[in-house]
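Within every chain, numbering begins at 1; the chains are lettered A, B, ... in the order of the sequence lines, protein sequences first and strands thereafter. Remember, predicted model here, so these are calculated numbers, not experimental data.
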Amino acid sequence: SSTAKGDEQSKSGDSKETVKEITLVTTTSLEDTGFLEDTLKGFEDENDVEVNVVAKGTGEALELGKSKDADILFVHAKQKEEDFIAEGYGVDRSEIMYNYFVVVGPKDGADNKSMKDLSASDVFKYISENNLPFISRGDESGTHTKELSLWEKSGVDNSFENYNEVGKGMAATLQMASEMKAYALTDIGTFLATKDNLDLEIVKQADDSLKNVYSIVTISELDKEMKIISDKLVEYYKSESVQKQIKEYGVSEYGEPLFFVFE
Amino acid sequence: MEIIEVIQIVIRSLYITITATAIATITGTLLSILIYLKEFKLKRQIIMIINSLMSTPPVIMGLIVFLILSRKGPLGEFQLLFSSYAMILAQVLLLIPIAMSLTLEYLNKCGDEILITCKVLQINKKDIAKIFLKEIKNYLIIVIITTFGRGISEVGAVMLVGGNIRGKTMVMTTYIAQSTSMGNFDESLMIAAILILISFMSTFFIKSLQKDS
Amino acid sequence: MEIIEVIQIVIRSLYITITATAIATITGTLLSILIYLKEFKLKRQIIMIINSLMSTPPVIMGLIVFLILSRKGPLGEFQLLFSSYAMILAQVLLLIPIAMSLTLEYLNKCGDEILITCKVLQINKKDIAKIFLKEIKNYLIIVIITTFGRGISEVGAVMLVGGNIRGKTMVMTTYIAQSTSMGNFDESLMIAAILILISFMSTFFIKSLQKDS
Amino acid sequence: MISFRKIKKNMKNQKKFTINKLDLKKGYVYAILGHNGSGKSTLLKLLYGITNFESGSIIINKEGFNEKIVHKYISYHPQDTCYLSGSLEDNFDYIYKYSNNEDLLDRGSLNELIKEFGLEDMLDINIKRLSGGEQAKFQFIRTLIMNKECILLDEPMASMDFDTIRIVEKKIKDLKEKNKTILLVTHDFLQAERLSDEVIFMQNLNIVEKYKSENFFKDFYFNNNYFF
Amino acid sequence: MISFRKIKKNMKNQKKFTINKLDLKKGYVYAILGHNGSGKSTLLKLLYGITNFESGSIIINKEGFNEKIVHKYISYHPQDTCYLSGSLEDNFDYIYKYSNNEDLLDRGSLNELIKEFGLEDMLDINIKRLSGGEQAKFQFIRTLIMNKECILLDEPMASMDFDTIRIVEKKIKDLKEKNKTILLVTHDFLQAERLSDEVIFMQNLNIVEKYKSENFFKDFYFNNNYFF
Ligand SMILES: Nc1ncnc2c1ncn2[C@@H]1O[C@H](COP(=O)(O)OP(=O)(O)OP(=O)(O)O)[C@@H](O)[C@H]1O
Ligand SMILES: Nc1ncnc2c1ncn2[C@@H]1O[C@H](COP(=O)(O)OP(=O)(O)OP(=O)(O)O)[C@@H](O)[C@H]1O
Ligand SMILES: [Mg+2]
Ligand SMILES: [Mg+2]
């Protein structure tokens, strides 16, 4: 199938024939931060490869992996990734970096103070018991999965009146939360990247129960050439220089890093 | 998703698009007839602009409605964002130029003859519009089908201003978009089948209103 | 986003939609004329289905193209997913029913007279289609404007099959959708303004082709 | 009394339609004669305000010239039949339903006319499927119903049968009795002689001359040997 | 030789159009006379295959009846002028460009006809803006150009001026000389008498009778006193 890919390139004529392409499918939350674009440049130059970044919901991203329309995945839903590999669609997952989920809510919300020092699951309990508006992604994404596990841990039902499932990407969900003066669970990266447009603030800071791990999942049965590139991409993100780049990513813009690496 | 929820979504979609189509075709047709009948400066230019607005991406109409209805916008106090009103409003804005373009094109072709007949019958200025409405009735069917089709199949604007809130503003297209993004292609195709069935039935119904001409 | 990138996006959008519009209006018009001229069983039903397909949500056409072009699909080996070919294909599927509905409606109204003239002139069966094409030319403008408008403003299907890959398959609408979802309304409105400007210019251009009739 | 002065109208093919001076008197029947394309229909359209002119003036009963005045005094029977969609009956109904005309003849007279012209069995047929002559009958009845002081008739009898032409000619004579002004475009010289008081002869988009009918036809028979 | 047998056609208003038996001979001019709505146009449309019938048969030159045979032998001049969009010249060009007709008269003859009918200055005008008579001239020329053995003429002269009618009548006589079969619908009895060999008289969607012209007009003058 690598020859077929070559054919397509020469047909489209919009790239040089020698340039190889790899389709990396990721989730919207990672794409929205602009992180991939900035870090992939080095890889593209080093290996003379073009990386096509396609951002989709986690579910669709995994489906694309199953249908082999994706050559490699960069996602954050540990359980689903492991299932994906167990079912034989993936070869391996490499944890590249992590950040945290936070709970955000309306700026200067009356209840914000009361939630500040609670544990994550107690924050959820508080929200449910006070029927505060809450926006859930509702799309079975990594964030949504995390949210559901927190509801379970808190022991309260999430079907209170002001609980809204919207089935949207992270940034769009935050938009809605801002507009509706509602609470939401978000990864810190997306929040920092879009907070200028939002009337939201963090009400529950990161803690270890809210860790959000991003990993690269390699796909099985790739053709030889693609496998080489795909492995190279994993190595690239694991390499010291890129890990350093990750650690510093966002510091200049947001005053704090968007991601942490495992040291 | 349960069948009862699917039915709710279908009914909500129909309610929103039928309302928007009705408002858009009625105002659109009336406006077009007025524009056709009146001579005024910039008439050609205005028609051109209406034609161009046909290509406005729905998400832009959505964005405009969003900015108007958002808390910081002029109508923010009414808190209409993420409601079916907002969705209807966005669709109306989207559909009016379509209804108008199609009607104007028709009048351009057949209007002169109707106008001369009106003059022979010595019909009042204001009744002339009525006659045009009457004469245009059969053509209206295709206008309605086209605008309804565009409305019911639109996703960008209703997603933005409706918010796709489950049980509240989720409509067929936003549901399809969501389940597609979740990789549930089977579910998407099922809803799509329902949507096509509905549009088949509504086309059939609308067409059956069209008398032999 | 840099201006050069914006220009690229604009050009890409135009390339895709113009190609799709051209293919869809040409095949759509020809097919409609054939359907109009031929008598066959289920003719009424087929016309009804075409009319209904106007209301198919674009994302469904997108999904169908997606499933066909996906590696597991029948055409998977060509690896056309996430390319402009896929986007054009999805748009063509979306636009053909629109072009056909509008053309069929026109023929329904004006076709009989043309047909009788053809008989008086004793024109060959196959040349009759040519005459219809000729006669329909002026009306085609509104078909082209309508289909182009629908194509250029569509987002669901091109997002799905194009993948909104920066520098490759990102078009104006998917870019607007992305920046809107991130709350960058200013950027969205800027691109929207460009889009409206372009559609204004293309409408103007297309209209100027329309001879005085 | 209608007067045209120094009318100039540019036709698309660089020609000019002109009427230097033309006065029409109440109660007269004018036959407008002339070759195909000589401008007869254009003259009627100008007077009814369906087409416009670049310079000159038309004055109707000293009141001026605008749509209101035109509709007050004139009814118009175009050369091509024009109607709205629907059945023949619908098209008669539209007159009563929508026309602004205060002088309309009543429904009783309409029904009599329908009978007189033999259209009573056609009322529910879609008007566009009627035969050419039936449509012409419809249009002539409509023009009578409008009941105006001045009546513009553009070849009303072109596709009518002989019996119908007899009825129409009788109607025109009745109208003259009632002191109506009639402008009748026709290609039938014998008919023009039977009906008209004066002949307006047109050529090349110009009025050549207005003649007393008896003089015109005397000269005409003298100069031509058209018949048989 | 064209023969109609037991033709029955349902009209929308529950009436029936019928022709029990009608034979048309080569080289004859038939005048089709009858009141408005008597079915004259319908007869021609049937023969040209523009409208269909429920039962019975038409046979043309013993070959049968289908579009190919119709187009081989017949040309048709409908009552309403029909044309394609474009100028008068365009509409003449279309004939040569698209018509399947192998018997077409050549361009030279066309140009002569255009001159003869005085249309040479109108060639570049949009055909729909021509006057009624000019359009009628166009359509008659087109019918001549088609140059078929049998020619169906549905009131071709209704809106023509006197001079033009003279030319058309002359053309019809020439066609007869060339042994063409002509079906002429007209309301002008004098014209019918001048031109026709036989008269087909229609009433109520039926053919009353086919008469030899001399007999028909003798009876006619005897029974009527229409003229003057
Ligand atoms: N589709 C139709 N539905 C109902 N009636 C019809 C239809 N077509 C024709 N007719 C009727 O059939 C009759 C015959 O029509 P046709 O056109 O043959 O008349 P004609 O003899 O040519 O009359 P004219 O002299 O007015 O041209 C008319 O009364 C007409 O109204
Ligand atoms: N819009 C136009 N553009 C060009 N020529 C036109 C236009 N309108 C009318 N004419 C020409 O003006 C002339 C006069 O037309 P008009 O209809 O007045 O003739 P008419 O005397 O009524 O003829 P007829 O006896 O054939 O009805 C014709 O030669 C016609 O072709
Ligand atoms: Mg005229
Ligand atoms: Mg007839």
task = Kindly check if the number of other-residue, nucleotide or ligand heavy atoms within 6.0 Å of NZ (C/Lys125) is above 12?
result = no
query = Is it true that atom NZ of C/Lys134 has more than 12 heavy atoms of other residues, nucleotides or ligands lying nearer than 6.0 Å?
reply = yes
ask   = Between C/Ile165, C/Thr180, C/Thr169, which residue shows the highest count of heavy-atom pairs closer than 4.5 Å to chain A?
value = C/Ile165
Atom [atom1] in [X], atom [atom2] in [Y]: separation rounded to 0.5 Å?
| X | Y | atom1 | atom2 | answer |
| --- | --- | --- | --- | --- |
| A/Met176 | C/Ser181 | CE | OG | 13.0 Å |
| C/Lys72 | A/Glu63 | NZ | CD | 7.5 Å |
| A/Lys66 | C/Ser70 | NZ | OG | 13.0 Å |
| C/Leu67 | A/Ser67 | CG | OG | 9.0 Å |
| C/Lys168 | A/Thr23 | NZ | OG1 | 6.0 Å |

ask   = Side chain of A/Asp69, backbone of C/Arg71: donor and acceptor closer than 3.5 Å?
value = yes
remark   = chain C shares the most heavy-atom pairs under 4.5 Å, among A/Glu37, A/Glu60, A/Lys168, with A/Glu37
task = Could you tell me which of A/Ala171, A/Ala193, A/Gly169 has the largest number of non-hydrogen atom pairs under 4.5 Å with chain C?
result = A/Ala171
query = Quick one: which residues of residues 156-163 of chain C reach chain A at under 4.5 angstrom, heavy atoms only?
reply = C/Met159, C/Leu160, C/Gly163
note = Whatever's closer than 4.5 Å to a heavy atom in chain C on A/Leu198 counts as neither
Per-pair distances, 0.1 Å, donor-acceptor, side chain in residues 249-256 of chain A, under 3.5 Å, sequence neighbours excluded:
residue	atom	partner	partner atom	Å
A/Tyr249	OH	A/Gly34	O	3.2
A/Tyr249	OH	A/Phe35	N	3.4
A/Tyr249	OH	A/Asp38	OD2	2.9

ask   = Among pairs that include at least one residue of residues 184-198 of chain A, which meet side chain to side chain donor-acceptor pair (under 3.5 Å), considering only residues two or more places apart or in two chains?
value = A/Asp187-A/Thr190, A/Asn197-C/Asn184
C/Phe185 vs A/Gln175 side-chain heavy atoms within contact, under 4.5 Å = yes
request  = Please list, chain by chain and in numerical order, all residues satisfying side-chain contact (heavy atoms from CB on, under 4.5 Å) with C/Ser101, sequence neighbours excluded.
outcome  = B/Ile142, C/Ile50, C/Asn51, C/Met54
